[in-house]
Student: 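Please read through the structure below; I'll follow up with questions.
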2 protein chains.
Amino acid sequence: MPRTIGERKDAIPALAEVFRTHGFEGASLSLIGAATGLGKGSLYNFFPGGKEEMAQAVLDHIDGWFRDEVFTPLRQAAEPQAGIREMFRAVDQYFHSGRRVCLIGAFALADSRDRFAACVKDYFAEWVDALAVALRRAGISAAEARAQSEDVVAVIQGALVLARAANDEAAFGRIMRRQERRLLQGLPKA
Amino acid sequence: MPRTIGERKDAIPALAEVFRTHGFEGASLSLIGAATGLGKGSLYNFFPGGKEEMAQAVLDHIDGWFRDEVFTPLRQAAEPQAGIREMFRAVDQYFHSGRRVCLIGAFALADSRDRFAACVKDYFAEWVDALAVALRRAGISAAEARAQSEDVVAVIQGALVLARAANDEAAFGRIMRRQERRLLQGLPKA
DNA sequence: TACAAGATGTACCTATCGGTACAAACAAGC
DNA sequence: GCTTGTTTGTACCGATAGGTACATCTTGTA
(Lines give C-alpha, C1' and ligand atoms only; values in the text may rest on other atoms or scores of the structure.)
Protein backbone atom coordinates (compact mmCIF):
# COMPACT_ATOMS: atom_id res chain seq x y z
CA MET A 1 0.00 0.00 0.00
CA PRO A 2 1.16 3.57 -0.61
CA ARG A 3 2.67 5.75 2.05
CA THR A 4 0.23 8.20 3.54
CA ILE A 5 2.73 11.04 3.51
CA GLY A 6 3.21 12.70 0.15
CA GLU A 7 6.97 13.12 0.15
CA ARG A 8 6.60 15.08 -3.02
CA LYS A 9 5.50 18.10 -1.05
CA ASP A 10 8.53 17.97 1.22
CA ALA A 11 10.86 18.45 -1.73
CA ILE A 12 9.23 21.64 -2.92
CA PRO A 13 10.96 24.20 -0.68
CA ALA A 14 14.38 22.86 -1.66
CA LEU A 15 13.36 22.76 -5.31
CA ALA A 16 12.16 26.35 -5.08
CA GLU A 17 15.47 27.45 -3.66
CA VAL A 18 17.42 25.75 -6.44
CA PHE A 19 15.31 27.30 -9.19
CA ARG A 20 15.49 30.69 -7.51
CA THR A 21 19.25 30.51 -7.28
CA HIS A 22 20.08 29.03 -10.66
CA GLY A 23 17.05 29.64 -12.87
CA PHE A 24 15.30 26.93 -14.82
CA GLU A 25 18.09 26.14 -17.26
CA GLY A 26 20.80 26.52 -14.65
CA ALA A 27 19.16 24.15 -12.19
CA SER A 28 20.79 20.90 -13.27
CA LEU A 29 19.58 17.56 -12.01
CA SER A 30 22.76 17.16 -10.01
CA LEU A 31 22.19 20.49 -8.27
CA ILE A 32 18.59 19.52 -7.67
CA GLY A 33 19.68 16.18 -6.29
CA ALA A 34 22.16 17.85 -3.95
CA ALA A 35 19.64 20.43 -2.74
CA THR A 36 16.81 18.00 -2.10
CA GLY A 37 18.89 15.05 -0.98
CA LEU A 38 17.05 12.89 -3.49
CA GLY A 39 18.51 10.73 -6.24
CA LYS A 40 17.21 10.59 -9.75
CA GLY A 41 15.13 7.58 -8.86
CA SER A 42 13.11 9.45 -6.28
CA LEU A 43 12.97 12.62 -8.27
CA TYR A 44 11.50 10.95 -11.32
CA ASN A 45 9.22 8.90 -9.13
CA PHE A 46 7.68 12.06 -7.63
CA PHE A 47 7.90 14.14 -10.77
CA PRO A 48 7.56 11.85 -13.80
CA GLY A 49 7.52 14.91 -16.03
CA GLY A 50 11.08 15.75 -15.03
CA LYS A 51 12.43 19.24 -14.45
CA GLU A 52 9.44 20.89 -16.02
CA GLU A 53 7.04 19.19 -13.63
CA MET A 54 9.27 20.09 -10.70
CA ALA A 55 9.27 23.74 -11.68
CA GLN A 56 5.53 23.67 -12.26
CA ALA A 57 4.99 22.22 -8.79
CA VAL A 58 7.08 25.02 -7.32
CA LEU A 59 5.16 27.67 -9.25
CA ASP A 60 1.85 26.19 -8.10
CA HIS A 61 3.08 26.22 -4.53
CA ILE A 62 4.14 29.87 -4.74
CA ASP A 63 0.84 30.71 -6.33
CA GLY A 64 -1.04 29.05 -3.51
CA TRP A 65 1.00 30.82 -0.88
CA PHE A 66 0.37 34.24 -2.33
CA ARG A 67 -3.28 33.46 -2.79
CA ASP A 68 -3.66 32.58 0.86
CA GLU A 69 -1.34 35.14 2.41
CA VAL A 70 -1.63 38.11 0.09
CA PHE A 71 -4.40 38.07 -2.50
CA THR A 72 -7.24 36.83 -0.32
CA PRO A 73 -6.46 39.21 2.58
CA LEU A 74 -6.33 42.06 0.08
CA ARG A 75 -9.73 41.15 -1.30
CA GLN A 76 -11.51 40.21 1.90
CA ALA A 77 -9.98 42.05 4.83
CA ALA A 78 -12.61 43.80 6.94
CA GLU A 79 -10.57 46.99 6.63
CA PRO A 80 -8.92 47.36 3.19
CA GLN A 81 -6.11 49.35 4.81
CA ALA A 82 -5.36 46.36 7.00
CA GLY A 83 -5.24 44.11 3.95
CA ILE A 84 -2.74 46.41 2.32
CA ARG A 85 -0.55 46.55 5.38
CA GLU A 86 -0.73 42.79 5.57
CA MET A 87 0.41 42.56 1.95
CA PHE A 88 3.53 44.58 2.63
CA ARG A 89 4.24 42.56 5.74
CA ALA A 90 3.78 39.18 4.05
CA VAL A 91 5.79 40.21 0.98
CA ASP A 92 8.67 41.48 3.08
CA GLN A 93 8.66 38.23 4.99
CA TYR A 94 8.40 36.06 1.90
CA PHE A 95 11.30 37.73 0.11
CA HIS A 96 13.41 37.70 3.25
CA SER A 97 13.62 41.47 3.18
CA GLY A 98 15.10 41.45 -0.31
CA ARG A 99 17.64 38.69 0.15
CA ARG A 100 15.41 36.33 -1.77
CA VAL A 101 14.41 36.72 -5.39
CA CYS A 102 10.97 36.36 -6.94
CA LEU A 103 11.11 33.16 -8.95
CA ILE A 104 8.13 34.13 -11.06
CA GLY A 105 9.66 37.52 -11.78
CA ALA A 106 12.93 35.87 -12.77
CA PHE A 107 11.08 33.42 -15.00
CA ALA A 108 9.22 36.32 -16.60
CA LEU A 109 12.49 37.88 -17.71
CA ALA A 110 14.04 34.65 -18.98
CA ASP A 111 12.84 32.43 -21.78
CA SER A 112 11.27 30.20 -19.13
CA ARG A 113 8.47 32.73 -19.52
CA ASP A 114 7.17 30.90 -22.58
CA ARG A 115 7.28 27.52 -20.91
CA PHE A 116 5.22 28.68 -17.93
CA ALA A 117 3.42 31.54 -19.60
CA ALA A 118 -0.02 30.97 -18.09
CA CYS A 119 1.30 30.69 -14.55
CA VAL A 120 3.53 33.73 -14.81
CA LYS A 121 0.82 35.83 -16.36
CA ASP A 122 -1.85 34.85 -13.84
CA TYR A 123 0.37 35.48 -10.85
CA PHE A 124 0.91 39.13 -11.66
CA ALA A 125 -2.59 39.66 -13.01
CA GLU A 126 -4.06 38.31 -9.80
CA TRP A 127 -1.79 40.41 -7.66
CA VAL A 128 -2.62 43.63 -9.47
CA ASP A 129 -6.28 42.76 -9.43
CA ALA A 130 -6.42 41.91 -5.73
CA LEU A 131 -4.64 45.11 -4.77
CA ALA A 132 -6.97 47.10 -7.01
CA VAL A 133 -9.95 45.56 -5.24
CA ALA A 134 -8.58 46.70 -1.88
CA LEU A 135 -7.92 50.22 -3.14
CA ARG A 136 -11.37 50.49 -4.64
CA ARG A 137 -12.90 49.31 -1.42
CA ALA A 138 -10.88 52.00 0.31
CA GLY A 139 -12.66 54.59 -1.78
CA ILE A 140 -10.55 55.09 -4.88
CA SER A 141 -11.95 55.09 -8.40
CA ALA A 142 -11.57 51.91 -10.43
CA ALA A 143 -9.21 53.46 -12.95
CA GLU A 144 -7.04 55.07 -10.31
CA ALA A 145 -6.98 51.84 -8.30
CA ARG A 146 -5.72 49.83 -11.25
CA ALA A 147 -3.03 52.38 -12.02
CA GLN A 148 -1.79 52.48 -8.45
CA SER A 149 -1.82 48.69 -8.19
CA GLU A 150 0.19 48.25 -11.34
CA ASP A 151 2.74 50.76 -10.10
CA VAL A 152 3.07 49.14 -6.70
CA VAL A 153 3.45 45.59 -7.97
CA ALA A 154 6.01 46.84 -10.46
CA VAL A 155 8.00 48.70 -7.85
CA ILE A 156 8.10 45.63 -5.61
CA GLN A 157 9.55 43.55 -8.43
CA GLY A 158 11.98 46.30 -9.28
CA ALA A 159 13.03 46.60 -5.67
CA LEU A 160 14.04 42.95 -5.72
CA VAL A 161 16.15 43.59 -8.81
CA LEU A 162 17.83 46.60 -7.26
CA ALA A 163 18.43 44.96 -3.91
CA ARG A 164 20.08 41.99 -5.53
CA ALA A 165 22.05 44.09 -7.99
CA ALA A 166 23.48 46.26 -5.26
CA ASN A 167 23.78 43.36 -2.84
CA ASP A 168 22.05 45.70 -0.43
CA GLU A 169 19.10 44.14 1.34
CA ALA A 170 18.30 47.43 3.04
CA ALA A 171 17.27 48.91 -0.30
CA PHE A 172 14.30 46.58 -0.50
CA GLY A 173 12.98 47.62 2.89
CA ARG A 174 13.45 51.30 2.13
CA ILE A 175 11.51 51.11 -1.11
CA MET A 176 8.76 48.97 0.39
CA ARG A 177 8.23 51.30 3.33
CA ARG A 178 7.99 54.34 1.09
CA GLN A 179 5.45 52.64 -1.14
CA GLU A 180 3.31 51.57 1.78
CA ARG A 181 3.32 55.07 3.20
CA ARG A 182 2.52 56.65 -0.14
CA LEU A 183 -0.27 54.22 -0.85
CA LEU A 184 -2.00 54.50 2.52
CA GLN A 185 -1.64 58.27 2.67
CA GLY A 186 -3.26 58.61 -0.72
CA LEU A 187 -6.47 57.00 0.52
CA PRO A 188 -9.51 59.10 1.39
CA LYS A 189 -10.72 59.50 5.01
CA ALA A 190 -7.19 58.85 6.37
CA MET B 1 48.48 43.28 -41.66
CA PRO B 2 45.43 43.58 -39.49
CA ARG B 3 42.11 44.72 -40.80
CA THR B 4 41.23 48.27 -39.83
CA ILE B 5 37.64 47.36 -39.00
CA GLY B 6 37.11 45.75 -35.63
CA GLU B 7 34.54 43.11 -36.54
CA ARG B 8 34.24 42.36 -32.89
CA LYS B 9 32.01 45.37 -32.42
CA ASP B 10 29.65 44.29 -35.16
CA ALA B 11 28.80 41.11 -33.31
CA ILE B 12 27.72 42.84 -30.13
CA PRO B 13 24.10 43.69 -31.00
CA ALA B 14 23.41 40.10 -32.00
CA LEU B 15 25.19 38.83 -28.90
CA ALA B 16 23.13 41.16 -26.73
CA GLU B 17 19.93 39.84 -28.23
CA VAL B 18 20.90 36.23 -27.59
CA PHE B 19 21.82 36.88 -23.98
CA ARG B 20 18.66 38.91 -23.46
CA THR B 21 16.52 36.14 -24.86
CA HIS B 22 18.19 33.12 -23.29
CA GLY B 23 20.17 34.41 -20.33
CA PHE B 24 23.84 33.67 -19.78
CA GLU B 25 23.53 29.93 -19.16
CA GLY B 26 20.86 29.49 -21.79
CA ALA B 27 22.84 31.20 -24.52
CA SER B 28 24.66 28.22 -25.96
CA LEU B 29 27.49 28.59 -28.41
CA SER B 30 25.32 27.14 -31.14
CA LEU B 31 22.62 29.76 -30.49
CA ILE B 32 25.29 32.43 -30.42
CA GLY B 33 26.72 31.13 -33.66
CA ALA B 34 23.32 31.16 -35.31
CA ALA B 35 22.48 34.67 -34.08
CA THR B 36 25.77 36.25 -35.07
CA GLY B 37 26.42 34.25 -38.20
CA LEU B 38 29.88 33.45 -36.88
CA GLY B 39 31.47 30.06 -36.37
CA LYS B 40 33.40 29.05 -33.32
CA GLY B 41 36.62 29.98 -35.06
CA SER B 42 35.62 33.61 -35.43
CA LEU B 43 33.93 33.79 -32.07
CA TYR B 44 36.99 32.60 -30.19
CA ASN B 45 39.18 34.76 -32.33
CA PHE B 46 37.30 37.90 -31.33
CA PHE B 47 36.57 36.78 -27.78
CA PRO B 48 39.40 34.53 -26.57
CA GLY B 49 37.78 34.48 -23.15
CA GLY B 50 34.76 32.64 -24.52
CA LYS B 51 31.18 33.23 -23.45
CA GLU B 52 32.17 35.23 -20.42
CA GLU B 53 34.12 37.72 -22.50
CA MET B 54 31.23 37.96 -24.96
CA ALA B 55 28.79 38.76 -22.17
CA GLN B 56 31.20 41.23 -20.64
CA ALA B 57 31.55 43.01 -23.97
CA VAL B 58 27.77 43.26 -24.20
CA LEU B 59 27.51 44.61 -20.66
CA ASP B 60 30.18 47.20 -21.37
CA HIS B 61 28.36 48.25 -24.49
CA ILE B 62 25.07 48.66 -22.64
CA ASP B 63 26.84 50.57 -19.93
CA GLY B 64 28.33 52.94 -22.48
CA TRP B 65 25.00 53.48 -24.16
CA PHE B 66 23.25 54.39 -20.93
CA ARG B 67 26.08 56.61 -19.90
CA ASP B 68 25.87 58.59 -23.12
CA GLU B 69 22.12 58.62 -23.61
CA VAL B 70 20.75 58.64 -20.07
CA PHE B 71 23.20 59.28 -17.25
CA THR B 72 25.12 62.17 -18.77
CA PRO B 73 21.99 64.04 -19.94
CA LEU B 74 20.55 63.60 -16.46
CA ARG B 75 23.63 65.07 -14.86
CA GLN B 76 24.42 67.82 -17.34
CA ALA B 77 21.23 68.95 -19.05
CA ALA B 78 20.83 72.75 -18.92
CA GLU B 79 17.33 72.18 -17.53
CA PRO B 80 17.13 69.19 -15.16
CA GLN B 81 13.50 68.68 -16.19
CA ALA B 82 14.63 68.25 -19.76
CA GLY B 83 17.20 65.66 -18.68
CA ILE B 84 14.50 63.70 -16.88
CA ARG B 85 12.17 63.80 -19.85
CA GLU B 86 15.05 62.67 -22.02
CA MET B 87 15.67 59.75 -19.68
CA PHE B 88 12.12 58.50 -20.05
CA ARG B 89 12.26 58.94 -23.79
CA ALA B 90 15.59 57.15 -24.20
CA VAL B 91 14.57 54.31 -21.87
CA ASP B 92 11.30 53.76 -23.66
CA GLN B 93 13.15 53.64 -26.95
CA TYR B 94 15.88 51.35 -25.65
CA PHE B 95 13.48 48.80 -24.24
CA HIS B 96 11.31 48.92 -27.34
CA SER B 97 8.39 50.10 -25.24
CA GLY B 98 8.61 47.06 -23.01
CA ARG B 99 9.05 44.40 -25.66
CA ARG B 100 12.71 44.17 -24.79
CA VAL B 101 14.10 43.07 -21.46
CA CYS B 102 16.86 44.67 -19.41
CA LEU B 103 19.80 42.30 -19.66
CA ILE B 104 21.44 43.72 -16.58
CA GLY B 105 18.23 43.38 -14.60
CA ALA B 106 17.86 39.79 -15.74
CA PHE B 107 21.47 39.07 -14.80
CA ALA B 108 20.86 40.63 -11.40
CA LEU B 109 18.11 38.12 -10.68
CA ALA B 110 20.01 35.09 -11.95
CA ASP B 111 23.26 33.66 -10.64
CA SER B 112 25.04 35.49 -13.42
CA ARG B 113 24.90 38.30 -10.89
CA ASP B 114 27.96 36.94 -9.11
CA ARG B 115 29.94 36.55 -12.31
CA PHE B 116 29.36 40.15 -13.36
CA ALA B 117 28.76 41.63 -9.92
CA ALA B 118 30.73 44.83 -10.38
CA CYS B 119 29.10 45.69 -13.70
CA VAL B 120 25.59 44.96 -12.48
CA LYS B 121 26.06 46.92 -9.30
CA ASP B 122 27.59 49.95 -10.99
CA TYR B 123 24.90 50.16 -13.64
CA PHE B 124 22.09 50.63 -11.16
CA ALA B 125 24.15 52.69 -8.76
CA GLU B 126 25.05 55.08 -11.55
CA TRP B 127 21.49 55.30 -12.75
CA VAL B 128 20.09 56.11 -9.31
CA ASP B 129 22.89 58.57 -8.70
CA ALA B 130 22.48 60.40 -12.01
CA LEU B 131 18.74 60.76 -11.51
CA ALA B 132 19.29 62.00 -7.97
CA VAL B 133 21.65 64.66 -9.29
CA ALA B 134 18.97 65.89 -11.68
CA LEU B 135 16.33 65.97 -8.97
CA ARG B 136 18.60 67.84 -6.61
CA ARG B 137 19.40 70.36 -9.29
CA ALA B 138 15.66 70.76 -9.76
CA GLY B 139 15.40 71.87 -6.18
CA ILE B 140 14.74 68.74 -4.13
CA SER B 141 16.63 67.86 -0.97
CA ALA B 142 19.42 65.30 -1.26
CA ALA B 143 17.63 62.68 0.83
CA GLU B 144 14.35 63.10 -1.00
CA ALA B 145 16.13 62.99 -4.35
CA ARG B 146 17.82 59.69 -3.55
CA ALA B 147 14.57 58.18 -2.36
CA GLN B 148 12.66 59.25 -5.46
CA SER B 149 15.44 58.05 -7.74
CA GLU B 150 15.56 54.64 -6.17
CA ASP B 151 11.81 54.30 -6.51
CA VAL B 152 11.78 55.35 -10.15
CA VAL B 153 14.63 53.08 -11.23
CA ALA B 154 12.94 50.23 -9.39
CA VAL B 155 9.59 50.86 -10.99
CA ILE B 156 11.16 50.89 -14.45
CA GLN B 157 12.73 47.49 -13.85
CA GLY B 158 9.50 46.19 -12.42
CA ALA B 159 7.56 47.52 -15.37
CA LEU B 160 9.73 45.41 -17.65
CA VAL B 161 8.96 42.34 -15.56
CA LEU B 162 5.24 43.04 -15.61
CA ALA B 163 5.11 43.84 -19.30
CA ARG B 164 6.86 40.62 -20.17
CA ALA B 165 4.90 38.54 -17.72
CA ALA B 166 1.58 39.77 -19.07
CA ASN B 167 2.86 39.82 -22.63
CA ASP B 168 1.38 43.29 -22.69
CA GLU B 169 3.74 45.93 -24.03
CA ALA B 170 1.21 48.65 -23.28
CA ALA B 171 1.71 48.13 -19.56
CA PHE B 172 5.27 49.41 -19.79
CA GLY B 173 4.22 52.64 -21.45
CA ARG B 174 1.41 53.21 -18.96
CA ILE B 175 3.67 52.81 -15.97
CA MET B 176 6.43 54.93 -17.47
CA ARG B 177 4.09 57.79 -18.31
CA ARG B 178 2.63 57.82 -14.82
CA GLN B 179 6.08 57.91 -13.25
CA GLU B 180 7.24 60.71 -15.47
CA ARG B 181 4.18 62.76 -14.64
CA ARG B 182 4.46 62.11 -10.91
CA LEU B 183 8.16 62.92 -10.87
CA LEU B 184 7.91 66.18 -12.81
CA GLN B 185 4.83 67.37 -10.96
CA GLY B 186 6.57 66.84 -7.65
CA LEU B 187 9.26 69.37 -8.53
CA PRO B 188 9.20 72.89 -7.13
CA LYS B 189 8.48 75.90 -9.40
CA ALA B 190 6.53 73.71 -11.84
C1' DT C 1 5.17 -13.32 7.67
C1' DA C 2 4.10 -12.77 3.12
C1' DC C 3 2.74 -9.62 -0.33
C1' DA C 4 2.03 -5.56 -3.06
C1' DA C 5 3.26 -0.98 -4.23
C1' DG C 6 5.86 2.83 -3.59
C1' DA C 7 10.77 4.59 -2.99
C1' DT C 8 15.49 4.58 -4.15
C1' DG C 9 20.33 3.81 -6.12
C1' DT C 10 22.98 2.64 -10.09
C1' DA C 11 24.20 1.98 -14.63
C1' DC C 12 23.53 3.57 -18.87
C1' DC C 13 21.73 6.24 -23.07
C1' DT C 14 22.18 10.04 -26.54
C1' DA C 15 22.70 14.90 -27.20
C1' DT C 16 24.86 18.85 -26.32
C1' DC C 17 27.70 21.72 -23.59
C1' DG C 18 31.96 25.11 -23.67
C1' DG C 19 36.35 24.97 -25.38
C1' DT C 20 40.76 23.66 -28.17
C1' DA C 21 43.67 22.57 -32.25
C1' DC C 22 44.83 23.44 -36.50
C1' DA C 23 44.95 23.75 -41.33
C1' DA C 24 42.96 26.18 -45.14
C1' DA C 25 41.37 30.66 -46.95
C1' DC C 26 41.98 35.38 -46.97
C1' DA C 27 43.66 40.11 -47.29
C1' DA C 28 47.23 43.73 -47.48
C1' DG C 29 52.11 45.54 -48.05
C1' DC C 30 56.24 45.02 -50.28
C1' DG D 1 53.74 36.88 -56.35
C1' DC D 2 55.43 36.19 -52.05
C1' DT D 3 55.08 36.93 -47.12
C1' DT D 4 52.72 37.92 -42.92
C1' DG D 5 49.16 37.99 -39.90
C1' DT D 6 44.05 37.49 -39.45
C1' DT D 7 39.87 35.25 -40.11
C1' DT D 8 37.43 31.19 -40.71
C1' DG D 9 35.56 26.21 -40.89
C1' DT D 10 36.01 21.65 -39.20
C1' DA D 11 37.17 17.98 -36.40
C1' DC D 12 37.65 16.83 -32.01
C1' DC D 13 37.88 16.81 -26.69
C1' DG D 14 36.20 15.56 -21.94
C1' DA D 15 32.38 16.79 -19.13
C1' DT D 16 27.84 17.06 -18.22
C1' DA D 17 23.14 17.63 -19.56
C1' DG D 18 18.24 15.48 -19.00
C1' DG D 19 16.20 11.20 -19.08
C1' DT D 20 15.33 5.90 -18.98
C1' DA D 21 15.64 1.06 -17.27
C1' DC D 22 15.60 -1.76 -13.84
C1' DA D 23 16.93 -4.31 -9.87
C1' DT D 24 16.84 -3.60 -5.05
C1' DC D 25 15.29 -1.89 -0.83
C1' DT D 26 11.20 -0.28 2.34
C1' DT D 27 6.94 -0.16 4.18
C1' DG D 28 2.10 -0.60 5.32
C1' DT D 29 -1.49 -4.04 5.34
C1' DA D 30 -3.55 -8.40 5.71
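Below, chain A is the first sequence line, B the second, and so on; all start at residue 1.
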Student: Take the protein atom CD of A:E53 and the nucleotide atom P of D:dT20, then report the distance between them rounded to whole Å.
Tutor: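 Answer to the nearest Å: 12 Å.
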Student: Are A:K121 and B:D168 ion-paired here, with the side-chain N under 4.0 Å from a carboxylate O?
Tutor: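 Looking at A:K121 and B:D168, the cut-off is not met.
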Student: If you define the side chain from C-beta out and look only at heavy atoms, does anything of B:F124 sit under 4.5 Å from B:Q157?
Tutor: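 A side-chain contact under 4.5 Å exists here.
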Student: Measure the distance from NZ on A:K9 to C1' on C:dA7 and round it to the nearest whole Å.
Tutor: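 A:K9 atom NZ is separated from C:dA7 atom C1' by 19 Å.
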Student: Pairs under 3.5 angstrom, nitrogen or oxygen only, protein versus nucleotides 13-17 of chain C, please.
Tutor:
from	atom 1	to	atom 2	distance (Å)
C:dC17	OP1	B:S28	OG	3.1
C:dC17	OP1	B:S30	OG	3.4

Student: May I have the distance from A:I32 (atom CD1) to D:dA17 (atom C1'), rounded to whole angstrom?
Tutor: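 Result: 11 Å.
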Student: Check this for me: does any side-chain nitrogen of one of B:E79 and B:R85 sit under 4.0 Å from a carboxylate oxygen of the other?
Tutor: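 No, no charged N to carboxylate O under 4.0 Å.
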Student: In this structure, how many angstroms lie between the P atom of D:dG18 and the NE2 atom of A:H22, rounded?
Tutor: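 A:H22 atom NE2 is separated from D:dG18 atom P by 12 Å.
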Student: Establish, yes or no, whether the cationic atom of B:R115 lies under 6.0 Å from the six-membered ring centre of B:F24 and within 45° of the ring axis.
Tutor: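 That pair does not qualify as a cation-pi contact.
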Student: Could you tell me the separation between the CZ atom of B:F47 and the P atom of C:dG19, rounded to a whole number of Å?
Tutor: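 Roughly 13 Å, once rounded to whole Å.
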Student: Please report, rounded to the nearest Å, how far the C1' atom of D:dG19 is from the CD atom of A:E52.
Tutor: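 These atoms are roughly 14 Å apart.
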Student: Could you pick out which residue, B:G37 or A:G26, lies toward the 5' side of DNA chain D when each is mapped onto its nearest nucleotide?
Tutor: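 Nearest-nucleotide comparison on DNA chain D picks B:G37.
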Student: Which whole-number value in Å describes the distance from B:D10 CG to D:dT8 P?
Tutor: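 So the two atoms are 10 Å apart, to the nearest Å.
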Student: From the options B:E180, B:R174, B:R182, select the one residue that forms a side chain to side chain contact (heavy atoms under 4.5 Å, CB included) with B:R178.
Tutor: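 That would be B:R174; it is the only one of B:E180, B:R174, B:R182 passing the side chain to side chain contact (heavy atoms under 4.5 Å, CB included) with B:R178.
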Student: Return the value, rounded to whole Å, for the distance between atom CZ of B:F46 and atom P of D:dT6.
Tutor: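 For the pair B:F46 CZ and D:dT6 P, the rounded distance is 12 Å.
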Student: Are any of the side-chain nitrogens in A:R164 or A:E169 under 4.0 Å away from the carboxylate oxygens of its partner?
Tutor: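 Between A:E169 and A:R164 there is no salt bridge, as every charged N stays at least 4.0 Å from the carboxylate O atoms.
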Student: Testing the 3.5 Å rule here: is there a donor-acceptor pair between the side chains of B:R89 and B:Q93?
Tutor: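 There is such a pair between these side chains.
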Student: For a quick test of reading the model: is some side-chain N or O of A:N45 closer than 4.0 Å to OP1 or OP2 of C:dT8?
Tutor: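 So the side chain of A:N45 is outside the cut-off, no N or O lying under 4.0 Å from OP1 or OP2 of C:dT8.
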Student: Picking from C:dT8, D:dT8, C:dT20, which would you name as closest to the side chain of B:S42?
Tutor: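 Of the options given, the side chain of B:S42 lies nearest D:dT8.
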